[in-house]
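Below is one structure, written out as structure tokens, with a few remarks after it.
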Amino acid sequence: MKIAVLPGDGIGPEIVTQATKVLEALRRDGMKIEMEHAPIGGAGYEAAGDPLPEATLKLAKDSDAVLLGAVGDWKYDTLPRDQRPERGLLRIRKELGLFANLRPALLYPELASASTLKPEVVSGLDIMIVRELTGDVYFGQPRGISTLPNGEREGVNTMRYCESEIRRIGHVAFRIAMKRNKRVCSVDKANVLETTELWRQVMIEVAKEYPEVELSHMYVDNAAMQLVRAPKQFDVMVTGNIFGDILSDEASMLTGSIGMLPSASLDADNKGMYEPSHGSAPDIAGKDVANPLATILSVAMMLRYTFNDEAGATRIENAVKKALAQGYRTADIHTEGCNKVGCAAMGDVVVAAL
Ligand code: IPM
Ligand code: MG
């Protein structure tokens with residue numbers, strides 16, 4: 001199994017180092033893994049003047065899976081738009097056809113008190129957010145900032161989805177629901193936006209192929225509210241790119257910290273890119289305080305979804321649970337009486353627990 005390792009920017013390199021320690025431990029136990037590193041994001045721009053250097057894209061395409069840290073740093077915010085780190089991330093998603101982004105929001109019992117919501121509201125929480133990742137207003141044309149004849153500037157982005165894009169992400173969500181509690185909530189803004197009116201129609205059509213799964217619909221504003229009011233009502237949520245971006249950040253905080261949330265981005269054949277749901281956090285980069293667990297848990301998702309190694313995935317997840325049960329916490333999830341550790345030490349604790 002060949003894994004392309006793309007650490008990226010900010011805290012990316014330090015969290016990815018912890019995840020590769022886990023992979024190396026698995027290799028010592030006999031798993032056949034090959035890893036090759038390449039730059040992306042700001043690091044790609046520094047190395048090759050491109051947030052997604054040609055060689056990085058080639059490596060990603062030639063690998064069985066991609067492990068990504070995070071991209072972005074304020075210092076690149078003034079670059080021309082197509083050279084900014086985020087564009088590198090969007091391009092690799094598009095180039096690899098990674099249309100299905102799975103973002104589980106799972107509350108570890110040990111972290112119930114780290115959530116800003118009351119323990120009874122979040123305990124037992126287990127939501128799978130299925131976010132469409134290669135369409136919507138993120139990629140729609142026309143886009144840009146231009147100057148109108150009257151001299152005023154205008155910004156334009158285009159929200160669009162075609163039927164087949166909606167249908168394939170719908171199938172992903174329903175298939176996942178079949179393995180869970182058989183409930184799908186499709187999130188849209190069908191009362192205002194035609195794009196999502198079509199989204200709703202297609203979801204209803206897809207649902208007919210899964211008679212055992214209960215489909216419900218929710219407007220995105222209500223979904224944002226329900227996530228903090230009564231989050232346990234959700235099993236699988238399926239939504240478009242931008243709503244999924246926003247709702248997955250919101251859902252992550254229910255679990256105590258965005259530093260706990262892994263993600264998988266899959267193509268039609270389950271080849272995937274695995275990355276934490278959080279960003280590059282340049283403000284804490286290089287200080288050894290970042291939480292590496294989301295990245296480590298992303299490796300578990302890699303074993304589960306791309307390498308079909310459920311036992312290996314569970315082994316990593318259990319090691320994370322054990323580290324938490326032993327009281328180890330990075331700063332973001334730290335509460336009174338726990339053992340506060342840095343990023344590298346948390347990686348070591350997980351490897352030991354493996
Ligand atoms: C995410 C991030 C990205 C996105 C950014 C960094 C482009 O927020 O993966 O959720 O908006 O998709
Ligand atoms: Mg986001």
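Just follow the structure's listing: the first ligand is 1, and inside any ligand the first atom is 1.
Ile204 places a side-chain heavy atom less than 4.5 Å from the side chain of His217.
Considering only non-hydrogen protein atoms, atom 11 (O) of ligand 1 sits nearest to Tyr138 OH, 2.5 Å. For atom 8 (O) of ligand 1, the nearest non-hydrogen atom of the protein is Asp245 OD1, 3.2 Å. In this structure, atom 1 (C) of ligand 1 lies nearest to the protein heavy atom Arg103 NH2, 3.4 Å.
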Inset, instruction - Let me see the working for Arg304 and Thr314 under side-chain contact (heavy atoms from CB on, under 4.5 Å), right down to the final yes or no. - result: CA-CA 8 Å; Arg304 173 169 297 124; Thr314 309; 4.1 Å; yes
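For Glu120, the CD atom sits in a packed shell: over 12 heavy atoms of surrounding residues, nucleotides or ligands are nearer than 6.0 Å.
Atom numbering of ligand 1 starts at 1 in the shown order; those under 4.0 Å from a heavy atom of Arg131 are 1 (C), 4 (C), 9 (O), 10 (O), 11 (O), 12 (O).
Without hydrogens or angle criteria, Asp288 side chain to Ala344 main chain gives a donor-acceptor distance under 3.5 Å.
Using a 4.0 Å cut-off between charged side-chain N and carboxylate O, Glu110 and Arg329 make no salt bridge.
The residue among Arg93, His278, Glu86 with a heavy atom at the shortest distance from atom 9 (O) of ligand 1 is Arg93.
In this structure, Lys189 is not positioned above the aromatic face of Phe243 in the sense of NZ or CZ being under 6.0 Å from the six-membered ring centre and within 45° of the axis.
At a threshold of 2.8 Å, the Mg ion (ligand 2) has a backbone or side-chain N, O or S atom of Asp245 nearer than that distance.
In this structure, Arg87 does not count as a contact residue of ligand 1, since none of its heavy atoms falls inside 4.0 Å of the ligand.
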